[in-house]
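Okay, structure first, notes after.
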Amino acid sequence: MRLLPSRYPESTYSPRRGKMNQVRQKVSQYVMRHVTNGAAHALDDDLQITIPFSEANKEATATILFIHGAFGDRNDWDQVTPNLSKYHILLPDLPGHGQTDRIGPFSKKLSARLLADLIRQHAKGGRAHVVALSLGAFVAIELASVHSDVVNEMFISGLKVMPAAYRTAIAPYGLWLSQRLESYIPLPLVRWAMDGTDMQGVDLSRVTLPLCRAIMSTITAESGDGEWAQPWAARTCIISAGKAGIVPSADHPEDAVKYRDIGRKGNAETVAYTHPLMRHPWNRQDPVLFARACRCHYVYRARVGNNRWQFLIDCMNDVSRSITNLNAESKLFVLREPAVTLLPKLFRAWNITHLVFEKDTDAYAKERDKQVIESAEKAGVKVIVGPQSRTLWDSDEVMKANGGKPTMSISQLQAAGAKVGAIARPVETPTNLPGPGDVELDIDQERPESKPDINGKYRESDEKTYSSGIAGPQGDYSVPTLVELGMKPATTPHRGGESLILARLESILADEDYTATFEKPKTSPAAFEPQSTFLTSPFLHFGALSARYFYHRVEDIVEKRRKEKKAVSTPPTSLTGQLLFRDMYFVAQAALGYSFGQTYGNSHCRFIPWHLPSKVDVKTGLVTGEYEVDDEGKEKEFQRWRDGKTGFPWIDAIMRQLKQEGWIHHLARHAVACFLTRGGCYISWERGAEVFEEWLVDHEAACNIGNWQWLSCTAFYAMFYRCYSPVAFGKKWDDTGEFVRKYVPELKGLSKKYIYEPHKAPIQDLKKAGVVIRGDGSEEMSEGVPVYPKPMFDFNVQREICMQGMKNAYRVGLHGNDPKVLDGSWKELFADDGAGPTEGKEGGPGGMASFEDADEADGAREELVKAKRTSKRNVPKASPEAARKGHKREHSQGTIDGAFGKKVKS
DNA sequence: GAAGAAGTTGAAGAT
DNA sequence: GATCTTCAACTTCTT
């Protein structure tokens with residue numbers, strides 16, 4: 001008895017329908033054997049059964065498999081799946097449920113085995129994402145641990161493990177009885193008591209005692225220390241419904257945490273959240289949110305704004321045009337599939353003989369390249385790996401020359417670089433290229449999932465690039481567009497492309513005097529249209545400009561002028577000096593591995609008790625992508641900084657330029673970074689680095705992280721008493737305030753006297769300027785007049801507080817890998833009235849380690865501390881495994897946070 | 001090893 | 001307006 005009509009077509013059995021009688025025979029043989037053998041759950045490999053299922057969106061290229069809960073069936077998902085129209089959807093009935101009553105009895109193992117077969121035969125590319133609820137979640141975990149080859153990522157909810165004491169003969173009777181009793185309660189009453197959750201009735205004819213026994217056995221904890229599950233490799237998001245109320249419908253968050261910790265042994269990115277407003281069957285309470293959360297988990301993962309996307313697309317188009325210029329028949333062919341899965345197929349399809357690519361320093365790229373090289377060798381393809389072109393030297397080589405240690409100063413980098421040898425000159429641009437040959441392809445496409453894709457908030461429509469096949473919507477392998485990617489248009493005026501930067505470079509180099517005497521500290525952060533520097537950084541990042549080409553072109557001019565006895569500038573302030581800084585940060589990253597990007601566990605990053613510190617998973621030693629809100633006021637300050645509404649026009653102008661255009665001058669980065677950290681808010685540099693990571697068109701992980709450590713005086717730089725003023729520093733470069741007027745237009749009518757401190761302007765000046773100064777930035781207009789906020793604090797007071805805080809933190813002298821940082825006992829060394837969250841032993845967490853699941857984590861933390869205690873400043877060995885996990889940090893935000901926001905934290 | 005100088009890019013006041 | 005000194009005080013490099 002179903003109360004809601006099915007949205008799905010009648011079930012279709014497998015293509016082996018013709019063999020149905022044979023299958024039934026096999027099934028009954030299996031059932032007989034199973035029943036007679038009692039606990040034996042093993043299946044014969046030759047047992048060919050396909051469970052009934054429905055499917056939707058067959059044209060889509062990535063599959064999600066939905067697994068329903070106890071006594072339910074595939075129809076339980078009918079409100080969620082319409083919100084996931086981009087995905088191919090598979091909806092099976094579990095054994096013993098729905099139309100699968102002939103297959104059984106139900107067990108985790110049997111279910112997982114049958115679902116794995118279903119995925120292999122019917123999912124796109126033989127793999128699927130898995131979404132599961134309640135009993136289905138237990139099945140999903142079994143599926144992911146035993147049949148890891150078919151599972152991409154998982155989104156599971158509703159884990160409730162019954163105590164081992166429930167392992168009694170009587171418990172299944174209780175379940176059987178409760179299902180019958182519940183059926184007497186009118187459904188409208190149930191829905192009312194469950195906040196409007198669209199509950200469906202249960203078909204009591206399926207609630208049999210054997211099924212109740214099988215379910216109880218699945219969801220009841222093993223007695224003693226029995227394993228709950230084996231670690232699984234799929235990145236998994238586990239949600240606990242937190243709402244109880246009249247009906248006891250909440251999940252067990254502690255069980256979710258336990259499973260999360262098992263899952264993390266297989267994949268460090270596995271997470272668990274509690275949603276306080278949702279009930280156990282929240283797929284029917286808020287199906288839109290449920291679907292949104294699934295989507296967030298799968299595709300919206302990277303902090304990449306649409307401006308950086310546009311820049312990359314520009315660069316790709318330019319390369320394509322350059323290729324066509326050399327050979328009218330050729331161009332850049334963009335194939336929509338990850339290299340790891342695509343290339344092995346392509347080697348065969350196109351009879352590839354050689355594969356050439358550039359060495360990449362990012363850990364995830366190293367892992368990818370290793371896989372590609374292996375598959376190429378297997379296919380008899382010759383692989384040629386070109387040298388790194390993003391840097392001057394090979395970062396690994398320089399690290400070795402520096403004794404395996406990070407380069408923490410320019411002189412160290414130069415000394416180690418000299419040992420490696422002269423900076424190689426780049427090879428010449430080719431003058432001709434062979435044609436592409438036959439580019440017809442007849443292979444199946446696999447959508448990329450394991451790599452970061454894009455940030456959901458920048459999308460305004462469905463992605464159409466991958467869903468239209470390997471060759472793209474036009475079928476011609478063309479470079480994608482933002483529209484195709486479903487992204488909003490870029491707001492940046494800065495465009496990419498090799499020919500653009502090469503032309504710009506020539507115009508700069510033509511002025512030999514300028515080139516040879518360039519000094520970075522003399523360029524203005526307040527200049528716009530044009531900027532005082534020429535934005536080579538995003539081109540260097542995307543490979544549109546070779547660092548070594550740039551270096552040698554400049555160096556040739558400098559050398560010529562030296563011979564002519566003319567003045568030249570030298571590193572670190574000269575043009576080539578700028579390139580040296582990039583190499584310094586790359587080598588530091590190469591040496592420190594995962595810990596470079598965070599304070600916790602970082603042997604070279606000073607520990608400062610910042611506000612809004614990162615949460616850390618003490619088992620892996622990695623930041624989770626979330627942070628502690630130790631002080632609501634500081635959270636508000638952080639949001640105002642990010643939004644350009646601090647009430648300090650200089651800071652706000654820079655932050656608005658960054659958000660709008662994706663680029664700000666290096667000294668402007670100094671000003672806002674100092675303000676957020678040691679010279680204003682006393683908020684963790686990691687918060688600021690994350691914002692830059694999302695917005696900068698030239699974001700380079702190594703440089704961004706390194707510069708934030710520099711400015712916060714946690715590494716590379718230590719003169720914290722040299723502090724930037726949000727008023728004086730702006731005035732020094734732009735006395736009249738044109739830069740502020742451009743980016744904070746509500747202040748454009750103010751005179752230069754008050755442009756940097758509008759709250760000091762007399763009321764008549766403000767009236768004349770047409771602006772109201774009040775509030776915290778939440779109000780934009782008042783009676784048709786723009787509102788600009790008051791300063792969020794007295795800067796001089798705050799600078800003094802920060803200065804004392806820094807002085808004290810330096811005196812305490814901890815680094816990120818100090819045992820006291822690792823175990824949270826650093827608080828004993830700071831006064832309760834200090835600048836940061838130093839609440840003494842009695843206070844809340846407020847530090848680098850999150851103690852929310854302290855009992856679970858204690859053992860692991862002690863081990864970590866013990867290991868570190870042996871050497872205070874040991875450099876963590878950058879094992880490939882650790883490095884891989886560490887680099888995923890960059891992409892780890894965004895998962896579910898966007899869907900839940902504050903609800904999770906409340 | 002000790003001492004002094006230098007360190008990509010400060011602010012504020014005096015001369 | 002340009003240059004110098006002081007502020008209070010850190011690490012690294014050179015001698």
Side-chain angles (χ1 to χ4, degrees), chain A residues 402-403 405-418 516-527 531-533 536-537 554 558 568-585 588 603-608 648 650-651 654 664-680 703 706-736 752 756-757 794-815 872-873:
Chain A
N402 198 46
K405 288 183 297 205
T407 45
M408 301 305 288
S409 71
I410 283 295
S411 50
Q412 283 174 6
L413 186 267
Q414 285 172 307
T517 61
F518 176 92
E519 287 178 81
K520 187 64 171 276
K522 291 185 179 170
T523 60
S524 169
Q531 287 82 13
S532 61
T533 53
T536 48
S537 46
V554 172
V558 169
V568 294
S569 56
T570 51
T573 55
S574 65
L575 276 180
T576 53
Q578 308 312 299
L579 294 170
L580 293 174
F581 275 109
R582 296 176 74 255
D583 269 56
M584 178 183 80
Y585 291 136
S603 56
H604 286 66
C605 180
R606 274 185 184 282
F607 173 79
I608 312 281
F648 294 95
W650 169 244
I651 300 297
I654 294 168
I664 51 178
H665 186 273
H666 189 61
L667 289 186
R669 299 179 199 203
H670 280 213
V672 294
C674 180
F675 183 85
L676 183 72
T677 58
R678 67 181 164 92
C703 302
N707 276 321
W708 273 94
Q709 292 179 5
W710 183 299
L711 264 302
S712 60
C713 286
T714 49
F716 302 102
Y717 189 76
M719 293 184 279
F720 58 77
Y721 44 88
R722 289 200 174 168
C723 178
Y724 293 83
S725 157
V727 175
F729 192 64
K731 269 187 191 165
K732 174 173 146 186
W733 291 103
D734 179 20
D735 185 41
T736 58
K752 87 174 212 186
Y756 288 102
E757 294 177 286
D794 181 330
F795 175 73
N796 289 327
V797 170
Q798 201 56 33
R799 174 171 55 185
E800 197 46 45
I801 290 170
C802 287
M803 203 74 85
Q804 289 310 313
M806 292 300 290
K807 192 175 161 184
N808 190 45
Y810 265 68
R811 185 186 53 74
V812 172
L814 300 176
H815 282 76
K872 192 183 172 195
R873 292 194 61 181

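Reminder, nothing fancy here: chain letters follow the sequence lines and each chain counts from 1. Computation of the quantities below employed the complete heavy-atom set of this structure, encompassing side-chain atoms and omitting hydrogens, waters and symmetry-equivalent molecules. The structure displayed is predicted, hence computed values, not measured ones.
The residue A/R669 sits apart from the nucleic acid: no heavy atom pair falls under 4.0 Å. A/F581 comes within 4.0 angstrom of a nucleotide base, judged by non-hydrogen atoms across all strands. Nucleic acid contact class of A/Y810 (heavy atoms, under 4.0 Å, all strands): sugar-phosphate only. Across all strands shown, A/K522 has no heavy atoms under 4.0 Å from either base or sugar-phosphate atoms. Using a 4.0 Å heavy-atom criterion, one finds that A/E519 contacts no nucleic acid atom at all.
Nucleotides C/dT11 and B/dA11 are separated by 23 Å at their P atoms, to the nearest Å. Nucleotides C/dT5 and B/dA6 place their P atoms 14 Å apart, quoted to the nearest Å. To the nearest whole angstrom, the two P atoms, one in B/dA3 and one in C/dA8, are 24 Å apart. Across B/dT8 and C/dC7, the matching P atoms stand 25 Å from one another, rounded to whole Å.
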Determine, step by step, whether A/M806 and A/I608 satisfy the side-chain contact (heavy atoms from CB on, under 4.5 Å) criterion, reporting the C-alpha distance in whole Å, the side-chain angles of both residues, the deciding distance to 0.1 Å, and the verdict. CA-CA 7 Å; A/M806 292 300 290; A/I608 312 281; 3.9 Å; yes
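For A/H665 and A/T523, the side-chain atoms include at least one donor-acceptor pair closer than 3.5 Å.
If you measure from atom OH of A/Y721 to atom C1' of C/dC10, you get 5 Å, rounded to the nearest angstrom. Following rounding to the nearest Å, A/H665 (NE2) and B/dT9 (P) show an atom-to-atom distance of 14 Å.
Phosphate contact (OP1/OP2 of C/dC13, side-chain N/O of A/S409, threshold under 4.0 Å): present. Here A/R799 does not reach the OP1 or OP2 of B/dG10: none of its side-chain N or O atoms lies under 4.0 Å away. Dashed line: the shortest gap from a side-chain N or O of A/S725 to OP1 or OP2 of B/dG10 is not under 4.0 Å.
With ring centers used as reference points, A/F675 lies 6.0 Å or more from A/Y724.
In this structure, the side chain of A/T573 does not engage the main chain of A/E519 through any donor-acceptor pair within 3.5 Å. In terms of modelled atom types and a separation under 3.5 Å, the side chain of A/Y756 and the main chain of A/W650 share no donor-acceptor contact.
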